[in-house]
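Structure first, commentary second.
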Amino acid sequence: MREIQCRLLVIGAGPGGYVCAIRAGQLGVDTVVVDAAPPGGTCLNVGCIPSKALIHAADEFHRLAQLSSTPSMGISAGPARLDLGATMAWKDGIVERLTGGVATLLRKAKVRLVTGRASIRDGKTVLVETPEGPVQIRTEVLVLATGSEPIELPALPFGGKVISSTDALALTEVPGRLAVVGGGYIGLELGIAYAKLGAEVTVVEAAPRILPQYDAELTRPVAQRLTQLGIRVLTGARAGGLSDSGALRVAGVDGAEDIQADKVLVTVGRRPRATAAGVDGLRLDMAGPFIRIDERCRTSMTGVLAIGDVTGEPMLAHRAMVQGEMVAELVAGQPRAWDKRAIPAVCFTDPEIVSVGISPEEAAAAGREVVTGLFPFAANGRAMTAGDEAGFIRVTARPDTHEVLGIQAVGAGVAEMAGGFALALEMGARLEDIAGTIHAHPTRGEALHEACLRALGHALHI
């Protein structure tokens, strides 16, 4: 059996794991990273990147289909045609470029990538089953970055017509009728994409409204868009199993019904892989289903750290990346701690949603007094010229110091503003700081300027 010795061993080459490994390599730490799949994890291979590729392709096809039936701005088009197999091949090409790029970055940082399934023997020893045979790795520091996986419902196990988000990103034909179980961000992103590609979509959500993790004011424009796209939404409804005829059984506020569907996409959330690779054998302290960590991502076992989805909410790739970078620097002897004021959350629906910091609703629930300012894109010149005026930008701030506590937005392309929103909170910006910053005209970003002016009581363009 081949043996490897290293200073740092990372289990999992997802966004957290590969960033941790690359940064550690840059700092001269002898590092090994192990994963059975190509580097990039769920995000690059079957999550963030391929889903956004599909969403973009769906937007392009839908735009052409609209122009072929209803000319706009003096533009018309011929009948739109779709080859979903070719679309998926294009998507796969992007994934391959990115995963190959990560592998190159690992090599550049002198990180050893071992491809295979890891089995943890103890906090210092891991056995990896590789195509070339077993490899035993001994390490001084172990980082757990095992990620998460889709939740499977007992009544709707994956297989046949019941598919996960991973399966939905590999279809070669658009299902005529698609039932989506779960009205969260994953279900709606994919449901909207397939509706634009021509599927008849029904969304089944147990909560009273879609996207329950966001406040109602933010989700209202998305709900309106679902109606425009012909997507049927059943809220306060629970999906059961499949009937003898293969229909999806649903119990809702108006009674039970069977929904005919060619595919049933189950997107009711993700769960941490807290038992993967034998992690449970370490008997670490847990926080519910997650591995408990401190402000430096240390677990209850000395020399064992954990990052990313396996450590709790929010289960976001960019959170894992920042944790991975911090852990690498800690292993290299640098002083670091987790002290983030805000982690952006982005929902790539139509329109997109961004939330950074607290919302007015969350402030009220916590008994905090705040001032807010909201500016609609319907009064924004750039949004008008782009032909998409749905949504707004909203700021929440302290009434005494005017320190900005939260920024939320819903609208076309607002995901690209997330970094700026987070920067404002990280730097402790006041309403006056943003209002005093010259925002280029005409841009959608002017809506943030106007929202701050409105919170101060003197908006200019509304």
Side-chain angles (χ1 to χ4, degrees), residues 7-29 31 33 41-43 47-48 109 111 123 139-148 213 270-274 276 279 282 284-346 354-359 362 366 403-407 418-429:
R7 165 77 171 132
L8 173 63
L9 172 59
V10 182
I11 305 297
Y18 82 71
V19 166
C20 180
I22 290 171
R23 183 61 181 138
Q26 290 174 343
L27 294 169
V29 178
T31 304
V33 62
T42 294
C43 179
C48 313
V111 174
T139 184
E140 296 177 37
V141 180
L142 177 64
V143 173
L144 306 174
T146 49
S148 62
Q213 64 269 52
R270 298 182 65 83
R271 61 185 168 208
R273 293 194 182 107
V279 173
L282 297 177
L284 304 174
D285 288 351
M286 304 295 289
F290 303 104
I291 296 174
R292 186 185 299 279
I293 57 172
D294 65 7
E295 74 282 358
R296 289 178 171 81
C297 292
R298 295 174 297 196
T299 70
S300 57
M301 178 178 287
T302 301
V304 178
L305 301 95
I307 60 177
D309 288 1
V310 77
T311 65
E313 298 286 356
M315 297 167 74
L316 299 170
H318 41 281
R319 171 179 174 266
M321 289 178 173
V322 176
Q323 287 179 319
E325 181 185 12
M326 177 189 72
V327 163
E329 294 179 359
L330 285 169
V331 173
Q334 298 185 5
R336 284 290 303 270
W338 179 260
D339 182 24
K340 290 295 168 188
R341 299 190 61 191
I343 302 174
V346 181
V354 173
S355 181
V356 181
I358 67 171
S359 66
E362 290 168 330
E403 178 188 358
V404 178
L405 302 175
I407 306 175
F421 294 171
L423 177 64
L425 267 67
E426 282 289 342
M427 297 189 69

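The chain is numbered in sequence order, starting from 1. The basis for the numbers below is simple: all heavy atoms, side chains too, and nothing from hydrogens, waters or symmetry mates.
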Reported [atom1]-to-[atom2] distance for the pair [X] and [Y], which is rounded to 0.5 angstrom:
| X | Y | atom1 | atom2 | answer |
| --- | --- | --- | --- | --- |
| E325 | R336 | CD | CZ | 5.5 Å |
| T299 | D285 | OG1 | CG | 8.0 Å |
| E329 | Q26 | CD | CD | 9.0 Å |
| R23 | L8 | CZ | CG | 13.0 Å |
| L405 | L425 | CG | CG | 7.0 Å |
| I343 | H318 | CD1 | NE2 | 7.0 Å |

Validation row: [X], [Y] side chains within 4.5 angstrom (heavy atoms):
| X | Y | result |
| --- | --- | --- |
| Q334 | L27 | yes |
| V322 | W338 | yes |
| L305 | C20 | no |
| I307 | M326 | no |
| S300 | L284 | yes |
| L142 | M301 | no |

Tell me the closest heavy-atom pair linking [X] and [Y], and the distance in Å.
| X | Y | result |
| --- | --- | --- |
| A24 | A328 | N-CB, 3.5 Å |
| R319 | G312 | NH1-O, 3.1 Å |
| I291 | A306 | CG2-CB, 4.1 Å |
| F421 | V354 | CD1-CG1, 3.7 Å |
| V33 | A13 | CG2-CB, 3.9 Å |
| S148 | M315 | CB-CE, 3.3 Å |

Subject >> Heavy-atom donor-acceptor pair, R7 side chain to V29 backbone, under 3.5 Å >> reply: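 Checked: no pair found.
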
Subject >> Donor-acceptor contact present, side-chain E403 to main-chain G428, <3.5 Å >> reply: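 The answer is no, because no donor-acceptor pair under 3.5 Å joins these two groups.
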
Original post:
Just wondering, are more than 12 heavy atoms of other shown residues or ligands nearer than 6.0 Å to CE in M286?
Top reply: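 Buried by this count: over 12 neighbours within 6.0 Å.
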
Original post:
Are E426 and R341 ion-paired here, with the side-chain N under 4.0 Å from a carboxylate O?
Top reply: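 Salt bridge: no.
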
